Amino acid sequence: MEYMVPISVVIPTYNRTDVLFDTIRSIFSGKKKPSEVIVVDQTSPATMFPEDLRKLIADGMLTILHEKIPSSTRSRNIGLKEASNDIVLFCDDDILVDENTMEILYQRMCQKNIL
């Protein structure tokens, strides 16, 4: 069974589906996965996700929100409101995440000397 860490990842995107899909796959290919990824899609018409990513949507691990006003700040705020975890990672749509990123982030944020 895959181990999930209680981290929400928010990714705003606008007309960059090619790199977005690679980013999402890299996030979920790690040893420990975030419990949710929220994509705020500002693309019009809405982005069509490939089959492997639609399975993540069906499993509740990937949420796609559509926003008509293109603004990365607005999209981050929309994603933050949707996030269900105390730890939120904001990620650009063109970042490839290392397999240990979620685990390291969670460990650091749980240290008592980190406020």
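Keep in mind it's a predicted model, so treat the numbers as computed, not measured.
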Between [X] and [Y], what is the shortest heavy-atom contact and its length?
X: S8; Y: N85; result: OG-ND2, 2.9 Å
X: P12; Y: C91; result: CD-O, 3.5 Å
X: M102; Y: P34; result: CG-CD, 3.8 Å
X: A83; Y: V88; result: CB-CG2, 3.9 Å
X: K68; Y: P70; result: O-CD, 3.3 Å
X: V39; Y: F49; result: CG1-CZ, 4.5 Å

>> Is any side-chain heavy atom of I11 closer than 4.5 Å to one of I27?
In response: yes
>> Counting C-beta onward and ignoring hydrogens, is there a side-chain heavy-atom pair between M4 and M61 closer than 4.5 Å?
In response: yes
> Would a distance-only check, ignoring hydrogens and angles, find a side-chain to backbone donor-acceptor pair under 3.5 Å from S75 to S72?
Replying inline: no
>> When you measure from the side chain of Q42 to the backbone of T13, do you find a donor-acceptor pair of N or O atoms at a distance under 3.5 Å?
In response: yes
> Considering residues at least two apart in sequence or located in another chain, which fulfil the side chain to side chain donor-acceptor pair (under 3.5 Å) criterion with R16?
Replying inline: D93, D94
When rounded to the nearest 0.5 angstrom, what distance separates [atom1] in [X] from [atom2] in [Y]?
X: I38; Y: K81; atom1: CD1; atom2: NZ; answer: 13.0 Å
X: N77; Y: F90; atom1: CG; atom2: CZ; answer: 7.0 Å
X: I64; Y: L53; atom1: CD1; atom2: CG; answer: 8.0 Å

Check whether [X] and [Y] end up in the same hydrophobic cluster, where Ile, Leu, Val, Met, Phe, Trp and Tyr are linked by side-chain heavy atoms less than 4.5 Å apart.
X: V40; Y: F21; result: no
X: I7; Y: L80; result: no
X: I24; Y: L105; result: yes
X: I95; Y: V5; result: yes
X: L89; Y: L65; result: no

> What do the steps show when you test R74 against I78 for side-chain contact (heavy atoms from CB on, under 4.5 Å), and what is the final call?
Replying inline: CA-CA 6 Å; R74 181 179 173 88; I78 290 168; 4.0 Å; yes
> Can you list the residues that meet the salt bridge (Lys or Arg N to Asp or Glu O under 4.0 Å) rule with D52, with sequence neighbours excluded?
Replying inline: R25
>> Counting only heavy atoms from other residues, nucleotides and ligands, does the tally under 6.0 Å from OH of Y14 exceed 12?
In response: no
> Near D86 CG, under 6.0 Å, is it more than 12 heavy atoms from other residues, nucleotides or ligands?
Replying inline: no
> Do V9 and V97 pass the side-chain contact (heavy atoms from CB on, under 4.5 Å) test, and can you show the C-alpha distance, the side-chain angles, and the key distance before you say yes or no?
Replying inline: CA-CA 11 Å; V9 179; V97 178; over 6 Å; no
>> Let's go through E103 and K31 carefully: what are the C-alpha distance in whole Å and the side-chain angles of both, what is the deciding distance for salt bridge (charged side-chain N to carboxylate O under 4.0 Å, His left out) to 0.1 Å, and is it a yes or a no?
In response: CA-CA 8 Å; E103 180 178 13; K31 293 177 183 176; over 6 Å; no
> Can you tell me if E36 and S84 form a side-chain donor-acceptor pair at under 3.5 Å?
Replying inline: yes
